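Letters A, B, ... mirror the listed sequences (proteins, then strands); counts begin at 1. Remember, it's a predicted structure, so these values are computed and weren't measured experimentally. Only this structure's heavy atoms are used, side chains among them; waters, hydrogens and symmetry mates stay out.
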There are 2 protein chains.
Amino acid sequence: MGKSRTAPTLNDVAKEAGVSTATVSRCLNSPARVVDETRKRVLKAVDKLGYTPNIAARIMAANRSYSIGAIIPTMDNAIFARGLQAFQDQLREKGYSLLVASSAYRPEIEKDQIRTLVARGVDGLLLIGHERKHEIYDYLEQHQVPALVAWSYMPEARQPSVGFDNRGAMCDLARRVLAAGHRHIGLISGVTEGNDRALSRVEGVRDALAKAGHGAETMTLIETPYGIDNGARAFAEMMQRNPRPTAVMCGNDVLAVGALREAQSLGISVPGEVAITGFDDIELAEIISPSLTTVHVPHREMGRKAASELIDMVEGRSAGQSTCISTHIVSRHSLVAPKN
Amino acid sequence: MGKSRTAPTLNDVAKEAGVSTATVSRCLNSPARVVDETRKRVLKAVDKLGYTPNIAARIMAANRSYSIGAIIPTMDNAIFARGLQAFQDQLREKGYSLLVASSAYRPEIEKDQIRTLVARGVDGLLLIGHERKHEIYDYLEQHQVPALVAWSYMPEARQPSVGFDNRGAMCDLARRVLAAGHRHIGLISGVTEGNDRALSRVEGVRDALAKAGHGAETMTLIETPYGIDNGARAFAEMMQRNPRPTAVMCGNDVLAVGALREAQSLGISVPGEVAITGFDDIELAEIISPSLTTVHVPHREMGRKAASELIDMVEGRSAGQSTCISTHIVSRHSLVAPKN
DNA sequence: TTGTACGCGTTATCAA
DNA sequence: TTGATAACGCGTACAA
């Protein structure tokens with residue numbers, strides 16, 4: 001009841017322990033530099049007062065925040081949620097906090113969020129995908145904030161990345177589709193503008209067709225924002241096209257699930273009449289029936305790796321090394337295996 | 001190239017514009033208090049230098065961070081991810097940033113995270129569920145950090161909450177199950193220790209049984225951490241019990257999906273042989289087959305409402321008002337409707 | 001090993 | 001309407 005109304009500061013602790021603020025600070029940050037007996041006294045005082053350091057002050061004094069920012073398109077997609085959770089876990093283990101922002105796939109919002117996070121003094125930044133204006137990277141450089149790109153792997157890019165080969169993986173999957181005998185392929189892609197993962201996946205399909213000697217007319221494309229309902233709508237439209245595709249590849253599992261659902265309500269059998277593929281391997285992919293043939297991406301592994309690499313960059317241990325996380329095709333029931 | 005290596009400060013802007021730092025600050029925070037002409041000059045300087053305020057400094061000076069902390073059990077569950085996304089959107093709209101931490105359902109970790117976030121100067125805190133030690137609430141009070149509880153509604157509790165009536169909703173669902181003629185009910189609950197939502201749901205089932213005049217022996221309970229696989233395992237165990245339940249209610253949809261999958265691989269027909277219910281109404285619930293009868297919770301609405309209420313508290317407009325978000329049962333195929 | 005004293009970038013108070 | 005200046009709480013040379 002008679003307690004002070006405001007939080008205790010370093011000063012309060014120092015007085016309580018009968019030492020200087022410098023000593024208290026040292027006790028907390030480099031305990032080795034203070035003798036045992038005083039340290040005990042100080043820690044007791046810390047405990048008694050329930051002292052917690054004021055991080056804003058620490059940021060200013062040390063020019064270091066022990067916080068990392070992450071800007072993702074949306075948390076409301078299992079793949080980002082999962083990767084982010086792993087990212088955060090790893091961060092926490094190393095004593096960092098996470099500031100998240102989401103861009104809703106909108107570049108202007110992302111730019112805004114980047115500025116906000118930098119202003120908040122984050123030590124490093126996790127970004128999704130490489131594609132953004134140069135000025136943003138200039139800005140980060142000016143502010144000396146290390147940035148790491150995830151969900152995409154482009155070793156030659158300006159920023160280091162921890163991700164996977166979207167293009168190659170999708171190409172492999174498309175070859176699998178071709179091998180199953182399909183010659184009319186529909187592709188339901190996420191919006192490619194400002195989303196290099198989506199674009200790379202489209203290119204992957206084109207690669208496969210080109211390698212197999214098929215013309216571009218083999219493929220018909222629809223772009224739509226991610227979402228189950230959008231996938232369903234796109235699939236319905238796809239079924240109207242002429243020639244009608246016998247296989248519909250989707251830019252991610254969410255779209256594929258929508259397609260699958262629409263096929264069902266249209267009375268189109270999968271994979272009998274039309275094959276469907278996804279990308280990501282979210283939990284849903286295994287549960288849905290028919291289960292979804294898709295590309296498995298180890299999101300957790302990527303999140304963890306991204307965190308440790310970014311921290312290495314922040315702490316000056318690395319200049320930013322790109323690593324490619326390997327993916328693999330998970331063959332399930334929505335695409336019949338090639339008959340050979 | 002000849003550019004300064006460090007980020008511009010208020011001082012730099014002031015010099016560039018030929019005014020004092022105070023004026024620059026005013027331009028940014030209360031533009032009305034500065035005359036048009038000077039403001040223009042200042043803003044031009046801000047633009048030219050690419051100035052972004054240092055928020056740590058602002059926090060110290062203003063004792064206000066415009067950031068809100070949220071501690072959720074995990075992001076890797078669609079319901080929290082969705083609610084959190086909505087929470088963040090609303091926050092952003094009002095000029096606040098979000099600091100997230102996750103507790104993995106572990107009270108000690110949560111306590112730690114709370115201290116961390118408070119130390120970081122968050123203006124307010126979002127917590128999931130009411131159940132935690134008094135000392136934590138004392139701590140928050142001492143530091144004068146308003147806290148709002150979500151995903152749970154208990155108007156009589158110490159902390160205000162924005163959530164729903166877990167107990168009542170589950171009770172309603174259980175009555176539906178009883179009405180369908182089931183007399184042996186299995187309940188697969190999440191871990192109830194430290195999780196009042198889980199506990200309330202169990203109590204809801206008990207309420208329904210009591211009201212209907214059935215003894216406790218009508219129900220058999222298994223507790224397990226959330227997760228599809230855990231749900232599957234629990235279901236398998238449930239099927240060994242004697243008497244074998246004809247309806248298995250699950251603490252959430254994730255468990256229910258696991259149960260459904262296990263039923264399938266066990267060759268048990270749903271709902272013919274065993275009915276299954278969930279809670280939350282995640283997207284999966286509608287997609288899976290048979291589709292899941294469950295309780296629909298408007299997570300997005302809750303997230304948004306929580307954000308605006310918490311901001312009202314932070315800004316002194318509200319002392320913390322609890323609001324109950326209404327839920328409703330979504331009747332699908334995993335439970336046959338009562339025959340009347 | 002410990003203490004003194006300054007600076008970090010901003011806001012707010014008070015005068016001008 | 002604007003400017004000078006004192007906080008804000010901490011880390012860290014530097015000195016003792």
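Side-chain polar atoms of S67(A) and R120(A) form no donor-acceptor pair below 3.5 angstrom.
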Distance-only donor-acceptor hits, side chain of residues 7-19 of chain A, under 3.5 Å, sequence neighbours excluded:
{"unit_1": "T9(A)", "atom_1": "OG1", "unit_2": "N11(A)", "atom_2": "N", "d": "3.1"}
{"unit_1": "D12(A)", "atom_1": "OD2", "unit_2": "T9(A)", "atom_2": "N", "d": "2.9"}
{"unit_1": "E16(A)", "atom_1": "OE2", "unit_2": "K48(A)", "atom_2": "NZ", "d": "3.0"}

Which pairs of donor and acceptor atoms, one on a side chain in residues 100-107 of chain A, lie under 3.5 Å apart (sequence neighbours left out)?
{"unit_1": "S102(A)", "atom_1": "OG", "unit_2": "Q85(B)", "atom_2": "NE2", "d": "2.8"}
{"unit_1": "S102(A)", "atom_1": "OG", "unit_2": "Q88(B)", "atom_2": "OE1", "d": "3.3"}
{"unit_1": "S103(A)", "atom_1": "OG", "unit_2": "Y105(A)", "atom_2": "N", "d": "3.3"}
{"unit_1": "R106(A)", "atom_1": "NE", "unit_2": "E108(A)", "atom_2": "OE1", "d": "3.4"}

Show me, pair by pair, the donor-acceptor contacts under 3.5 angstrom made by side chains of residues 49-57 of chain B, not counting sequence neighbours?
{"unit_1": "T52(B)", "atom_1": "OG1", "unit_2": "Y139(A)", "atom_2": "OH", "d": "3.0"}
{"unit_1": "N54(B)", "atom_1": "OD1", "unit_2": "A56(B)", "atom_2": "N", "d": "2.9"}
{"unit_1": "N54(B)", "atom_1": "OD1", "unit_2": "A57(B)", "atom_2": "N", "d": "3.0"}

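For E156(B), the salt bridge (charged side-chain N to carboxylate O under 4.0 Å, His left out) test picks out no residue, with sequence neighbours left out.
W151(B) has its side chain out of reach of V162(B): every pair of non-hydrogen atoms, C-beta onward, lies at least 4.5 Å apart.
A cation-pi contact links R64(B) to Y66(B), judged by a cut-off of 6.0 Å to the six-membered ring centre and 45° from its axis.
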Per-nucleotide protein contact string for nucleotides 5-16 of chain D (B base, S sugar-phosphate only, - none; heavy atom under 4.0 Å) = ---BBBSB----
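Taking every nucleotide of DNA chain C with any atom under 4.0 Å from a non-hydrogen atom of chain A, the first and last of them, 5' to 3', are dT1(C) to dG9(C).
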